[in-house]
Structures are given as C-alpha cells and as structure tokens.
Amino acid sequence: MSQFTFPSPPPSPEAEVLRTEIRAFLATELKDRAPIDRAQSWNGLDPAFSRRLGEQGWLGLTWPKAYGGQERSALERYVLLEELLAAGAPVGAHWIAERQSGPSLLRFGTEAQKAAILPRIAAGECFFCIGMSEPDSGSDLASVRTKAVREGDGWRVNGTKLWTTNATHCHYMILFCRTAPLDREHRHAGTSQFVVDLSLPGITIRPIRNLVGEHHFNEVVFEDVLLPEDALLGREGEGWAQVTGELAYERSGPERFLSSFWLLVELVRALQPVADARTEIALGRLGAQLITLRRMSRSVAGLLQAGADPALEAAMVKDLGALVEQEIPEIARDLVAEGPPTPQSRTFAEVLAYTTLHAPSFSLRGGTREILRGIIARGLGLR
Amino acid sequence: MMEAHTDLQADDAGAMLRETADRLLADRLTPQARARSAAGEWPDELWAALDEVGLPAAILPEEAGGFGVPVADALSLLTVAGSHALQLPLADTMLAGLVLARAGIEVPAGPLAVAQGCEARLDPAGRATGHAWGVPWGRHARAVVVLADGPGGPVLVALPQAALTVEPGADIAGDPSDTVRFEAVAAPSAPAPPSAACLRAAGAATRALMIAGALGAVSTMTAGYARERRQFGRAIGQFQAVQQNLAVLAGQAASAAAAAGLAAEAVAAWGPGLLPAVAAAKVRTGEAAGQAAAIAHQVHGAIGFTQEHRLHHYTRRLWAWRDAFGREAEWAQVLGRHLIAAGPDGLWPAITAA
Ligand SMILES: Cc1cc2nc3c(=O)[nH]c(=O)nc-3n(C[C@H](O)[C@H](O)[C@H](O)COP(=O)(O)OP(=O)(O)OC[C@H]3O[C@@H](n4cnc5c(N)ncnc54)[C@H](O)[C@@H]3O)c2cc1C
C-alpha cells in the first residue's frame with residue numbers, strides 16, 4: 001500500500017443534535033471556568049465533572065447498554081469529544097478509561113471483567129491509567145522488563161512503570177509486561193496485559209513533576225504484587241497484538257489536534273476587533289489545518305464505526321495534529337505584541353505560557369513523531 | 001431504506017466514472033500526447049475521447065445535458081485528472097458548465113473556461129467589453145465565462161470564442177493561461193450570477209481536487225522509487241531519513257485529499273459554508289503541494305530533475321494549481337478574517353461549520 005485513504009466521513013444528523021445538547025450543557029457547566037484552566041485541555045482533571053458526564057450518559061457512548069453504554073455511533077462520540085475539548089472541559093479523570101481501557105476490556109475482557117468494570121467507567125466513577133513505558137523502554141515498548149510470573153492461581157509481578165499519567169487518581173492500570181522471557185527472534189511474543197487494581201499491596205506510586213512543576217505523571221513500582229488469575233486481560237502472550245490494537249483509539253481522536261485550542265480562542269480574543277492582513281493570513285493557515293484534521297479524524301471515527309482497523313490513519317492524524325498543536329503557540333506569540341499589562345493581556349500571556357511549556361510533550365506522548373513516521377513508512381512498504 | 005439505496009447508486013456512479021476516467025487517461029495520455037500538447041497542439045482526439053465517455057458533462061444537471069451524477073461525485077473526477085497530471089481543461093470545462101447551468105445559461109459544447117480575473121462591463125444592449133486574464137486554455141475554449149458589471153449589478157457572461165482576441169500566456173507548468181480581449185460582444189448572460197468570491201471559490205475547489213489527486217500519485221510514485229533505487233547496497237527507502245520524508249509526503253497527500261473532499265462537498269452544497277470550506281481546502285492543498293513536491297524531488301535525485309522523467313508533469317502542475325484561483329495567502333486571509341470575525345465565542349462553531 002502506498003496511499004492512505006480517508007473516506008468522506010459519513011453524515012450523522014444524530015451527532016449534530018447531540019452537539020447542540022452538549023453545547024448547552026457545557027455553557028452552564030463551564031460558565032465560571034477560567035481561561036488558564038480551560039487551556040489545560042485533557043490534562044484538566046475533575047472527577048466530579050466526569051461523574052456528571054456519566055449521569056448524562058456521555059461516557060462509553062458507543063458501548064452496549066448492558067455495560068452502561070448507549071449503543072450510539074462512533075461519529076456521535078467524536079462530536080462529544082471535540083465539543084468537550086474545544087470548550088476546555090476538565091475531562092482528564094476519565095479520558096483514558098473511556099478512550100482506550102474500556103474499549104480494550106470490551107474487546108478482550110471476560111464477561112466478569114466487563115460486567116464489573118465497564119458500567120463504573122460509564123458512570124464516571126472508575127478511572128484507568130496506562131502502564132506501558134518503563135525507565136529503559138520508551139519507544140521500544142517490546143523491550144519492557146516488568147514481568148508477571150505464574151504463581152498458584154495467579155501472577156506475581158515485579159518491575160517499574162514510568163510516566164504513568166494520573167496513576168494517583170486511578171483505580172486501575174492496564175499493565176503491559178512480559179509473561180515469558182524475551183526471545184530475540186520474536187521480540188513481540190511473550191507479553192501480556194493485566195487489569196491491575198492499584199490498591200493492591202506491593203504497589204508504590206511516586207509522583208514525578210513535569211518541567212512546569214505540575215504532577216501528572218508518576219513512577220509505579222511493583223514489588224512482589226500478587227494478581228489474581230482473573231486479572232489477565234485477553235490471552236496470555238497476546239499482549240503485543242492487544243496493545244497495538246488500542247493505538248487506533250489512542251491516536252486518532254480530536255485530542256491529537258486540539259490540545260492548544262484554547263490558546264487559539266484567546267488569540268482571537270486578543271485580536272478583536274480587527275486584525276491586519278499578516279495576522280489574518282496566519283490565522284487562516286491554522287484554521288485550514290484544524291478544519292482538515294477534523295475531517296480526517298471524523299473519517300477515522302467512520303472507519304472505526306465500520307469495524308476497520310485504521311491504525312495507520314490514526315498515526316497520521318496524530319503526526320499532523322501534533323505539528324499544528326505545536327505551531328499554535330509559536331504563531332500566537334508572533335502575532336500579539338507585548339504591551340503594557342492589562343487583565344486581558346495577562347490572561348493571554350498566561351495561556352500562551354502554559355501552552356508553550358506543554359507543547360514539547362505533544363509529539364512525545366502516545367508515540368513520538370519519529371516512531372509515528374516509522375509506522376507510516378512501514379505502511380508505505382519501506383520497512 | 002430508500003435513502004440508503006440512492007446513496008449506494010450515487011456512490012456507484014461516482015466510482016464508475018472515476019474508473020472510466022482512470023482507464024482512459026492511463027491509455028491515452030501517452031508521452032507522445034503530452035509532448036504534442038506541450039508543443040501547443042490541441043489534442044483533439046484525446047478531448048473527443050473524454051467527451052465521448054461524458055466526463056466534461058458529468059457535472060451538469062440532466063436538463064443541461066448531464067446524466068444526474070451528484071455534483072460532489074462529478075467533481076471527484078478531478079482527483080483522477082490530477083492523478084494523471086492531465087494537461088487538458090477538464091476542470092475548467094466542468095467549472096464553466098456548472099456555473100452556467102446554475103445561472104440558467106445554455107452550456108456550449110466543447111472545452112470551456114472561467115477567467116481567473118477580469119475587467120468587463122455589459123452595456124444596456126447586452127454587449128460585453130473588457131478583458132480577462134488567467135484564462136486557462138483560453139485559446140482553445142469555445143466560450144470564456146466572466147463576471148461583468150452590468151447596468152443593474154454583476155452579470156455572468158459566456159463570451160463566445162469567435163468574438164475574442166487572445167494573447168497567449170502560460171502558467172508555471174507551461175499550460176496555456178491566456179488573456180482575452182473583447183469589444184461590444186453580444187453574449188448570453190445571466191443577471192443573478194454567483195458572487196465574484198463564490199465563482200473564484202469554485203475555481204479554487206477544482207484546483208484543490210486536482211492537487212489532491214496529483215499528490216496521491218506523487219506519493220505512490222516516490223515511495224515506489226525509494227523501494228527500487230539502490231545505493232550503498234540497499235534500497236534508499238531503507239534509510240530512516242528517507243523514510244521520514246516519505247511519511248511526511250504521505251501525510252501531506254492524505255491531508256490534501258481530506259481537504260479536497262471538503263471543497264467538493266461545499267461546492268455541491270453551494271451554501272453559506274462555501275467560502276470558509278474552500279478557503280481551508282485551497283490553503284491546505286496549496287501548502288501540501290509545496291511540501292510534497294520538494295520531498296518528491298529530493299527523493300528522486302537527479303533523474304527526477306530531467307525532462308524525460310514523468311515527475312515534473314506532476315510537480316510543475318502542483319506549482320501551477322496551487323497558484324490558480326488564489327494562492328494560499330489569499331485564501332488564508334479569507335478564512336482568517338472569517339474566524340477572527342467569529343470572535344472568541346464563535347471560533348469553534350465557525351470551525352465545525354466549515
Ligand atoms: C506527558 C506525557 C505523558 C505520558 N503518559 C504516559 C502514560 O500514561 N503511560 C505510559 O506508559 N507512558 C506515558 N508516556 C510515555 C511515552 O509513551 C514515551 O515518552 C514515549 O513512548 C517515548 O519514550 P521515551 O520518552 O522513553 O523516549 P525514547 O524512546 O528514549 O526516545 C527519545 C528520542 O529518540 C527517538 N527515537 C527512539 N527510537 C527511535 C527510532 N527507532 N528511530 C528514530 N528515532 C527514535 C524518539 O523519537 C525521541 O525523539 C507519557 C509521556 C509524556 C511526555
């Protein structure tokens with residue numbers, strides 16, 4: 001294959017109805033939310049807000065009703081996500097659980113796992129983190145050393161996970177680790193996934209501060225942690241296939257191009273009432289990127305809806321999206337001259353600083369730019 | 001059920017048309033045909049072949065000689081044209097046909113053009129005087145469509161070939177882009193034309209679609225070359241630096257295709273969303289064209305810089321099409337102004353509406 005097709009997103013009138021409902025809901029919910037908080041995008045974390053979304057039936061929108069879902073389409077869910085992000089809603093608490101842990105459980109979980117956990121995610125009461133990276137395993141995920149060894153009716157886990165976002169706020173981690181020794185010929189074999197209750201003895205979570213001093217990610221150490229047999233997610237030894245299956249969900253969503261969106265809102269505010277030609281052109285270029293990415297991301301939602309596996313398309317959305325997210329602060333600072341401080345200029349400066357400081361992570365988290373391009377190159381038949 | 005059925009038919013019609021066009025161009029757009037056309041000859045037979053399978057008329061409503069293909073599907077033919085770097089005014093003929101039919105003016109047979117710019121007025125007796133420039137394939141067009149100032153406001157005028165004085169010019173690809181002059185020419189006109197901006201947008205949309213098609217072909221061709229060309233004992237596509245560039249090229253091609261789809265749908269809908277959507281599409285495809293052409297040439301090395309190699313048929317047209325009917329800066333300004341006017345609260349709704 002050497003061309004990627006993003007089919008036209010199918011029209012979804014239901015999604016547009018939903019959009020109106022969500023906008024009305026958010027207008028009241030978020031009316032007092034400050035710009036600097038909105039700028040946090042999906043880093044913003046508020047379990048109470050997640051619960052209120054759950055009450056609305058807006059978490060796990062596409063899941064079966066039996067597990068707390070609404071059996072609505074991926075396109076409706078797409079609209080919900082983009083509206084939440086564009087408004088700067090604090091979605092961080094449930095984001096990972098709803099985006100990828102829940103869908104993984106749906107695909108690979110046992111009936112008991114699904115029945116026990118999914119309705120709680122849908123209610124906004126149960127949060128998940130991703131246990132993939134380790135101190136010596138970043139891009140090269142297959143090299144993980146954390147291991148689970150069979151013991152009695154369960155598993156004994158030892159190792160260290162790193163960069164685990166929100167671990168201190170989560171109930172569960174989906175742990176990716178070795179269940180058989182590394183075979184250099186088949187590096188992806190012998191890995192498995194587990195649903196780990198983070199309250200188990202032997203698990204220590206240590207905060208790690210990011211460059212701004214905030215605490216989002218963590219180190220999670222496993223010391224002789226005993227997992228019950230039913231903690232295994234899916235099949236033993238199938239961890240790699242399962243984890244890569246998650247990536248289309250992890251990489252294609254609107255959070256991959258809207259992380260800096262609130263800065264764009266503040267930029268437009270700062271440019272009122274009129275702007276010069278240079279500014280209009282710069283803004284138009286960003287707008288064109290976002291409008292195009294929306295279409296690509298909706299296209300991927302359509303593919304997911306149709307049961308396809310758009311992992312390559314997702315990698316592409318994320319690669320292009322991160323470029324725009326990182327361009328926004330660079331362009332914003334170029335278009336607004338520093339003047340004497342006013343309350344409004346202070347707000348703009350704050351949001352600009354926040355976004356600039358977080359921008360480097362956009363092309364690291366969820367797979368680095370170089371790794372994504374490698375995946376695309378493989379899709380082109382080059383490796 | 002009914003609805004799903006019609007959709008399916010429409011889809012089929014679009015796919016069938018694209019396949020027909022693809023096969024025909026693959027067969028007939030030979031290096032010899034290209035060379036003749038580059039030498040200034042009008043490739044009569046090739047045009048007749050396109051006409052015979054109904055490509056130029058596919059966009060017209062049935063009353064105007066079309067066969068009921070949805071407009072967005074008919075426009076998707078232009079991605080096929082782009083994927084062959086077609087050097088014939090299919091886009092222009094479709095565009096002129098579409099706007100003339102919509103304005104209720106009879107669509108002349110044969111190749112047609114819409115001027116990219118003009119200064120013209122229509123006197124009360126319905127005669128047009130002025131000049132138009134940037135007329136694609138103007139010397140071969142049976143009629144050139146312009147917007148003229150009429151006694152009661154702008155009017156759409158279809159100037160017949162016989163009444164035009166042509167000053168030949170060329171775009172960066174060497175394809176005709178002429179100036180035409182006309183003096184007191186009696187011509188069919190319509191009093192309720194699309195606005196100048198909408199007409200230009202429709203033209204820009206045709207170029208966005210051709211760029212998208214060309215980029216798909218360029219991406220395929222370049223990745224293919226990288227798999228075959230060997231240096232240092234291996235295919236150059238095995239070098240990571242080359243792979244990363246090709247991934248960027250593929251990304252730009254995919255992004256351009258998405259943007260072009262947006263433009264096609266906006267032209268089909270012909271509503272208030274036309275300008276922002278086409279603006280986004282022309283900016284995005286124009287940017288993609290520049291980046292992709294640069295990478296394609298880099299990967300192809302010296303052979304890609306020769307007249308013999310077919311790469312330049314594509315890259316020179318990418319550079320021509322990104323200029324035609326408004327460059328990125330022009331359309332970015334249209335979109336940027338629209339978004340700034342929407343204000344901080346209206347920004348997101350303006351983006352989702354495009
Ligand atoms: C904000 C944030 C949140 C995160 N949250 C989580 C989380 O919740 N759970 C989790 O498991 N992980 C998380 N991560 C970790 C993330 O997945 C890794 O940062 C990422 O996979 C890259 O790994 P690394 O940081 O070790 O960099 P490395 O893999 O060491 O890469 C360093 C540099 O080398 C380049 N490089 C590496 N290999 C190659 C190659 N083969 N070819 C070319 N270039 C290469 C990379 O592209 C990068 O530029 C998070 C990271 C960030 C920044």
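Within every chain, numbering begins at 1; the chains are lettered A, B, ... in the order of the sequence lines, protein sequences first and strands thereafter.
- Both the backbone and the side chain of A259(B) have a heavy atom closer than 4.5 Å to some heavy atom of chain A.
- Looking only at side-chain heavy atoms (C-beta outward), L320(A) and Q252(B) come within less than 4.5 Å of each other.
- Residue contact with chain B, scored on non-hydrogen atoms closer than 4.5 Å, is absent for E16(A).
- Residue E21(A) places its CD atom among more than 12 non-hydrogen atoms of other residues, nucleotides or ligands, all under 6.0 Å distant.
- With chain B as the partner, the residue from I376(A), T292(A), T279(A) showing the most heavy-atom pairs under 4.5 Å is T292(A).
- Contact annotation: the side chain of R284(B) never approaches that of I291(A) to less than 4.5 Å [non-hydrogen atoms, C-beta and beyond].
- Scanning all heavy atoms of the two residues, the minimum distance from A254(B) to M316(A) falls at CB-SD, 3.5 Å.
- Contact of L258(A) with chain B is made through the side chain alone, with heavy-atom distances under 4.5 Å.
- Note that CZ of R369(A) is 10.0 Å distant from CD of Q244(B), once rounded to the nearest 0.5 Å.
- In this structure, A247(B) and A377(A) approach most closely via the heavy-atom pair CB-N, 4.4 Å.
- R310(B) CZ: 12 or fewer foreign heavy atoms inside a 6.0 Å radius.
- With a 4.5 angstrom heavy-atom cutoff, R285(A) touches chain B via backbone and side-chain atoms both.
- For the set Q289(A), R278(A), R19(A), the count of heavy-atom pairs under 4.5 angstrom toward chain B peaks at Q289(A).
- Your options are P349(B), A226(B), A257(B), and the one with the most heavy-atom pairs under 4.5 Å with chain A is P349(B).
- The choice from A264(B), A256(B), G261(B) that makes the most heavy-atom pairs within less than 4.5 Å of chain A is G261(B).
- Atom CZ of R333(A) is surrounded by 12 or fewer heavy atoms from other residues, nucleotides or ligands within 6.0 Å.
- Each of E287(B), Q238(B), E330(B), E328(B) has some count of heavy-atom pairs under 4.5 Å with chain A, and the biggest count is that of E287(B).
- Options G336(B), A280(B), A332(B) differ in how many heavy-atom pairs under 4.5 Å they form with chain A, and the most are formed by A332(B).
- Judged by distance alone, the side chain of E266(A) and the main-chain N or O of P344(B) form no donor-acceptor pair under 3.5 Å.
- Using a 4.5 Å cut-off between heavy atoms, T352(B) contacts chain A through both its backbone and its side chain.
- For the atom pair L246(B) CG and L380(A) CG, the distance stands at 6.5 Å (nearest 0.5 Å).
- Within the 3.5 Å criterion, the main-chain N or O of A258(B) finds a donor-acceptor partner in the side chain of R295(A).
- Atom CG of L382(A) and atom CD of Q240(B) lie 11.5 Å apart (nearest 0.5 Å).
- Contact of the Q243(B) side chain with the R373(A) side chain is not registered, since no non-hydrogen atoms from C-beta on lie closer than 4.5 Å.
- Taking A282(A), A288(A), A277(A) one by one and counting their heavy-atom pairs under 4.5 Å with chain B, the maximum is reached by A288(A).
- Highest contact tally toward chain A, considering only V283(B), L262(B), L339(B), I351(B), is held by L262(B) [criterion: heavy-atom pairs under 4.5 Å].
- Interface remark: L264(A) contributes backbone and side-chain atoms alike to the contact with chain B (heavy atom separation under 4.5 Å).
- For chain B, the nearby part of R23(A) is the side chain; its heavy atoms alone come within less than 4.5 Å.
- A275(A) and I340(B) get closest at one heavy-atom pair: CB-CD1, 3.7 Å.
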